[in-house]
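The structure appears below as structure tokens.
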Amino acid sequence: MNAPVPHEPAVRTTCPYCGVGCGLIAQPDGRGGAAIVGDPTHPANFGRTCSKGSALGETLGLAGRLLHPMLRQGDGTLTQVAWPDAIDKVAEGLSRVIDRDGPDAVAFYLSGQLLTEDYYVANKLMKGFLGSANVDTNSRLCMASSVAGHRRAFGSDTVPGTYADLDEADLIVLVGSNAAWCHPVLFQRMMRNKAERGARVVVIDPRRTVTAEEADLFLPIAPGTDTALFCGLLVDLAERGAIDTAYVDANTTGFAAALARAREIAPDKAATARATGLDEDAVAHFFDLFYATARVVTCFSQGVNQSAQGTDKVNAIINCHLASGRIGRPGMGPFSLTGQPNAMGGREVGGLANQLAAHMGFTAAEIDRVRRFWNAPRMATREGRKAVAMFEAIERGEIKALWVMATNPAVSLPRAGAVRAALDKLELFIVSENVRSNDTVNAGAHVLLPAAAWGEKDGAVTNSERRISRQRAFLPPPGEARPDWWIVSQVARRMGFTEAFDYRTAADVFREHAALSAFENDGARDFDLGALAQISDAAYDTLAPVQWPLRAGEPALETRFFADGGFFTEDRKARFIAPEPPALRDATSADFPFRLNTGRIRDQWHTMTRTGSSTRLAAHLPEPFVEVHPQDADAAGLTDGGLAQVATPHGACVLKVVVSDGQQRGSLFVPIHWSSETASCARVGDLVAPHTDPYSGQPEAKATPAAVAPVALPLRGFTRTHRAIALPEGTWWARVAISGGVEYRLATGQGPMVWHDFAYRVLAGDARLVEQLDRGVYRAAAFVDGELDACLCVGPADAPLTWDAAGLQGADAADGEPLTARISSDQIGATAPVICACFGVAVDTVRQAVAAGTARNVADIGRTLRAGTNCGSCLPELKRLISHERVTHPS
Ligand code: SF4
């Protein structure tokens, strides 16, 4: 949507958000900013972007950036130091802990936001030179169950299919995936297939999401019961004689045991319906569709993975595709939709504690192979601690030094409150970051290392379809920020490993990574980039998106795996897995009668450190919320738009109530994005139980028993300033980016005197303060040189919480000085919710158009308001809103 400006050469790069991996073109403006558009030549998106991608140009500012290495002093303050001093501090600290307590007393916690080169160097240092495999990543919270399921079934972490399968499928099954919001460009691709080729779409999800509203068949499954549904499907395929016996016999083992287990769990449609809470006719309809359609792709995402039985769920899905031979051919196969931009790259290098490197594990032969390749002096010889276990070991004092790179575990891990407390026990706590303040940094990091951000760094990422794309720098790194691979290499060299970490460029690292993937491979491993092992710097710079495998001496082909078998087990056969019956770990109780489901929203990413700076994105869903079924809301005394406390045995949040019949009775949904930087009490990680899957170690983030109760704060309001501020103790607030500053939406039980005091102490400073108290509504505005600098409005929830220019001038009349505030023609009020982030179209504007009869459908809205005509991310919500308004205002 931002038109490129011809100042500097445009740069082809890749989006830093989700696993779709869209190609982008960045056009720098010469002033530190850039216009961002979709790359029409990139095969992941063909020029399309979603709302997040199209707003990237708004997120390039340097506000809040960490620009220099910092060390925490004894009094808790942070002091800027030179890079060599920071590197010394890290290297000496790691060496001291290892010498005294052994290598397993140190750990790295990495991120799917890192580039492959960053990941490779960190993994190599820890596993080959420090001697521990305590390297894990926030990808553990995202798709570890898919990795484990792939490895159990295929012998390798292989995604068999490609995005082209989504164009060629006749049936697309989405399990535990709100793709319309979480993988928007891919979802629009599926919708095009539906519109143009008539593909049918089935959505299986406990929530009726906007994705579900686009489905031909929606199955509102009971939480945690996906395994039963796919066991029922396997039995049904067997009963109908739809097993591809030739494929099964030639290419797999374990079918009989898996089918027998499936018959125990879900012997028929009626039993499947009982086990899943679904209507039997709906179950039969799904089974009929799968049976009758050759080209089926089953996409699964966090709703499957984030489970203490996530690996079994993945294998129950894969079982059905193996049994019916629907794998590796056009338009068919199981398809893991990866959450993060480079979770796949992290898997490739071995950036998980239970992988060694380059899709190799911890067999003696693999350890020896990697040792020889790296010429490593101190190889890790067994798996390390996975994320949840890693932080539990920190809590027990067993891990004494931790290096966190590009992630925010103090927000995102289960029992996040306990994680923050545990971080305080560390002897050495290092954080490589873009921002100077976040919950993890503020948990007492001893060393802060300024990392280059998206747009400033160079490297590779791999998307959900195994496609490697380049992220390229188009801005200079600010201050002393450096790429992560450089920072880790400097520490390694300071620890004495100069030769092994003598990288000059990201291309040096990439070549070594590619060479390791091909080292003694000979087709025995799926992951092979041998064709890129000798890539020149110039060719690396211009590398076009490519899919692996890329074996040396073979042409680069867009390859699917397993149509003819060839799995990566010892006997080259796939394994059917007999899953355990579905069972949630913690039962609900009288104290905690609900199931808490967590997830993402359309326009925010992770803990908002980038997306939170875009005013367009902020206006979509600006406050943290809990979604509740209407009957549950009634029973609990909750009102739509009110506040509620959501509590679990692990913690509590206070959130805005959204009453929605898309929510199942007995379930609550809460988004994951807010932190202590952006809200007073909305860190959802605090609520989540630490139960993990026995194979993947992925925590259960979708079914923690929870309670919900109303919170009475009678006054509402907002304050706008140019900078982050502290609100009076006891205030509920959520921070929202606005043009030139921030807006705090607030709720409070404290009356005008407290806010009068706050206005003078915090907002006024040297500014001239204008105040008004009118029918219980307190308003204050601070002016500097006649320009509005800050404002505040607090009053009863049913009062008009705005302040127009006339009111302001009236309040100031006694002063006599003219005010030339920029607000002179505007009403000041809390930011209106926006439905189309690309064109800033407010929800109310769409409502008014429908009520006035000027728009009856999405096409009318597009023509008159432009909403939905750029990225299309808002189309499902537009449809929902229009249909709701047409019921309310029939014409
Ligand atoms: S779908 Fe959106 S967030 Fe995901 S890669 Fe594409 S532009 Fe980025």
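Both counts, for ligands and for their atoms, begin at 1 and track the order of listing.
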Seminar exercise, completed: If we number the atoms of ligand 1 from 1 as shown, the ones under 4.0 Å from a heavy atom of P184 are 1 (S)
Problem set entry | Close-contact set for ligand 1 against V185 heavy atoms, below 4.0 Å | 1 (S), 6 (Fe)
Exercise. Do the ring centers of W548 and F527 come within less than 6.0 Å of each other?
Worked result: yes
For this session: Using a strict 4.0 Å threshold on nitrogen-to-oxygen distance, state whether E213 and K879 make a salt bridge.
Result: no
Exercise. Under 3.5 Å, is there a donor-acceptor pair between the side chain of D39 and the main chain of G47?
Worked result: no
Exercise. Considering only heavy atoms of K52, which atoms of ligand 1 have at least one such atom less than 4.0 Å away?
Worked result: 3 (S)
Problem set entry | Backbone or side-chain N/O/S of C18 under 2.8 Å of atom 4 (Fe) of ligand 1 | yes
Problem set entry | Short N/O/S contact of C22 with atom 8 (Fe) of ligand 1 (below 2.8 Å) | no
Problem set entry | Atom indices of ligand 1 within 4.0 angstrom of G21 heavy atoms, with elements | 5 (S)
Problem set entry | H183 to ligand 1, any heavy atom closer than 4.0 Å | no
Exercise. Against heavy atoms of C15, which atoms of ligand 1 measure under 4.0 Å?
Worked result: 3 (S), 5 (S), 7 (S), 8 (Fe)
Problem set entry | Check: F669 main-chain N/O paired with E627 side-chain donor or acceptor under 3.5 Å | no
Exercise. With a 4.5 Å limit on heavy-atom distance, are the side chains of F510 and H513 in contact?
Worked result: yes
For this session: Mark up the atoms of ligand 1 that fall under 4.0 Å of a heavy atom belonging to C50, in ascending order.
Result: 1 (S), 2 (Fe), 3 (S), 7 (S)
For this session: Check ligand 1 against Y17 and write out every atom of the ligand that is under 4.0 Å from a heavy-atom position of the residue.
Result: 3 (S)
For this session: Spell out, as yes or no, whether a donor-acceptor pair under 3.5 Å connects the side chain of E465 to the backbone of G161.
Result: no
Exercise. Do you know which of Q471, R472, R470 makes side chain to side chain donor-acceptor pair (under 3.5 Å) with D458?
Worked result: R470
